[in-house]
Amino acid sequence: MIVTIDPLLSADELASARSLLAKASWSDGRITAGAQAALAKNNQQLAEGEQHLPSLRRLVMQALSHNAIFFAAALPLKILPPFFNRYAGAANTYGAHVDGAMRQAPDGSHVRTDLSATLFLSDPDSYDGGELQIDDTFGTHAIKLPAGSLVLYPSSSVHRVTPVTRGERVASFMFMQSMVRDAGRRRLLYEMDMALLQLRETIGETEAVVKLTGTYHNLLRQWADS
């Protein structure tokens, strides 16, 4: 399931992120890549010691915590602190790869990567190329969203970033472990949640809507780990 949130960041939040990124120093993007990904990865990234990284991470995490669509789609149990990358010049692409199944959190614990996300921070008209291409059973999806918008997709998907041939593409990327491990079950819960939202807006909290809401929570109670 591929879900877009347009926008995740408000105009003020986006401006704050850009201001911090303008002061930041970029490092080789392969610092967080696994063996397979390092062969395909050619971009830049904020290193863990970069002084503006904590503020950027707080900004993104706060936006995620306030977004109901993100919660409904991801049902997050753990979220790794967001990373930030840049594609431009000679460091302009990331070839086909699959995100590693386990990643280490700053406290030394491990997070299973059920879901990955990209938060676009550059205006799409300011650069050429740079599409996030995600392969799934229905084909390849090329995604290039407005600045401040996020796409959420399965970490198990083969995906890539096409070469940036003009300008620069700056984004945040992140990984999360869901309370509901099975992707098919997550999709069912998300679609039911969105349908219930529409029903509440159109017909209100009728007896049938209340019962369906109970079914949603009973399924979540059965399938979720915490």
Completion exercise
Exactly one of Leu132, Ile143, Leu152 clears side-chain contact (heavy atoms from CB on, under 4.5 Å) with Ile2, and that residue is Ile143
Handout entry: Side-chain donor/acceptor of His66 to backbone N/O of Leu64, under 3.5 Å
Key = no
Fill in the blank from the handout: Here the pair of heavy atoms bringing Ala90 nearest to Asn42 is O-ND2, 2.8 Å
Problem - Residue among Arg169, Arg18, Lys144 satisfying salt bridge (Lys or Arg N to Asp or Glu O under 4.0 Å) with Asp123 - result: Arg18
Exercise for the section: Would you mind telling me which of Arg186, Met192, Arg187, Met194 makes a side-chain contact (heavy atoms from CB on, under 4.5 Å) with Tyr190? Expected result: Met194
Fill in the blank from the handout: Here the gap from Tyr94 atom OH to Phe173 atom CZ, rounded to the nearest 0.5 Å, amounts to 7.5 Å
Problem - CD (Gln104) with more than 12 external heavy atoms under 6.0 Å - result: yes
Problem - Shared hydrophobic cluster, Leu9 / Leu150 (ILVMFWY, side-chain heavy atoms < 4.5 Å) - result: yes
Exercise for the section: Taking all non-hydrogen atoms of both residues into account, name the closest pair between Gln177 and His110 and its distance. Expected result: OE1-O, 4.4 Å
Practice task
Measure from the side-chain N and O atoms of Asn67 to the backbone N and O of Ala63, and report whether any donor-acceptor pair falls under 3.5 Å.
Solution key: no
Handout entry: Short side-chain donor-acceptor distance under 3.5 Å, Gln133 and Thr140
Key = no
Let me have the donor-acceptor pairs involving side chains of residues 71-86, under 3.5 Å, with sequence neighbours excluded, atom names and distances please.
from, atom 1, to, atom 2, distance (Å)
Arg86, NE, Glu168, OE1, 2.7
Arg86, NH1, Gln44, OE1, 2.5
Arg86, NH2, Glu168, OE1, 2.9

Practice task
For Asp136 and Gly139, indicate whether the former's side chain and the latter's backbone hold a donor-acceptor pair under 3.5 Å.
Solution key: yes
Practice task
Of all the heavy-atom pairs spanning Met176 and Ala117, show the shortest one and how long it is.
Solution key: CE-CB, 4.1 Å
Handout entry: Whether over 12 other heavy atoms sit under 6.0 Å from Glu207 CD
Key = no
Practice task
Report the distance from atom CE of Met102 to atom OG of Ser155, rounding to the nearest 0.5 Å.
Solution key: 11.5 Å
Problem - Contact summary for Gln45 and Gly29, nearest pair of heavy atoms - result: OE1-O, 3.3 Å
Exercise for the section: Establish whether Leu8 and Leu145 are linked, either directly or via other cluster members, by ILVMFWY side-chain heavy-atom contacts under 4.5 Å. Expected result: no
Exercise for the section: Using modelled atom types only, decide if a donor and an acceptor are shared between the side chain of Ser55 and the backbone of His52 within a distance under 3.5 Å. Expected result: no
Practice task
Could you check if a side-chain atom of Asn92 sits within less than 4.5 angstrom of a side-chain atom of Thr165, using non-hydrogen atoms only?
Solution key: no
Handout entry: Heavy-atom donor-acceptor pair, Ser122 side chain to Val170 backbone, under 3.5 Å
Key = yes
Problem - Atom pair OG (Ser172) and CG (Leu21), whose distance is rounded to the nearest 0.5 Å - result: 9.0 Å
Exercise for the section: Start with the C-alpha distance between Asp28 and Lys41, add both sets of side-chain angles, then the distance that settles side chain to side chain contact (heavy atoms under 4.5 Å, CB included), and finish with yes or no. Expected result: CA-CA 9 Å; Asp28 191 317; Lys41 192 173 187 180; over 6 Å; no
Exercise for the section: Establish, from distance only, whether the side-chain atoms of Asp99 and Ser116 form a donor-acceptor pair under 3.5 Å. Expected result: yes
Handout entry: Any side-chain donor near an acceptor of the partner, Arg160 and Thr93, under 3.5 Å
Key = no
Practice task
Would you confirm whether Thr202, through its side chain, and Gln198, through its main-chain N or O, come within 3.5 Å as a donor-acceptor pair?
Solution key: yes
Problem - Main-chain N/O of Leu46 paired to Ser27 side chain as donor or acceptor, under 3.5 Å - result: no
Fill in the blank from the handout: Between Gly148 and Leu14 the two heavy atoms that sit nearest each other are N-CD1, 4.1 Å
Handout entry: Side-chain donor-acceptor pair present, Tyr87, Asn43, cut-off under 3.5 Å
Key = yes
Completion exercise
Those residues at least two apart in sequence (or on a different chain) that pass ring-ring contact (aromatic ring centres under 6.0 Å, His included) with Tyr153 are His159
Practice task
Look at the side chain of Ser149 and the backbone N and O of Asp6, then say whether any donor-acceptor pair between them is shorter than 3.5 Å.
Solution key: no
Handout entry: Joint hydrophobic cluster, Leu115 plus Val98, side-chain heavy atoms closer than 4.5 Å
Key = no
Problem - Non-hydrogen atoms of Tyr216 and Leu189 that approach each other most closely - result: CE1-O, 3.3 Å
Handout entry: CG on Leu220 to CD on Gln222, rounded to 0.5 Å
Key = 10.5 Å
Exercise for the section: Rounded to the nearest 0.5 Å, what's the gap from CG on Leu53 to CG on Leu20? Could you check? Expected result: 10.0 Å
Practice task
Determine, for Glu191 against Arg185, whether the closest basic-nitrogen to carboxylate-oxygen distance falls under 4.0 angstrom.
Solution key: no
Problem - Side-chain heavy-atom pair Glu131, Val161 within 4.5 angstrom cut-off - result: no
Practice task
Check the surroundings of atom CZ in Arg181: do more than 12 heavy atoms from other residues, nucleotides or ligands lie under 6.0 Å from it?
Solution key: no
Problem - Side-chain donor-acceptor contact under 3.5 Å, Asp114 with Ser178 - result: no
Handout entry: Short side-chain donor-acceptor distance under 3.5 Å, Ser10 and Asp12
Key = no
Problem - Leu197 reachable from Leu212 in the ILVMFWY side-chain graph, under 4.5 Å edges - result: no
Handout entry: Side-chain touch Ser19/Ser16, heavy atoms, less than 4.5 angstrom
Key = no
Problem - Linked, directly or transitively: Met1 and Leu119 (ILVMFWY side chains, under 4.5 Å) - result: yes
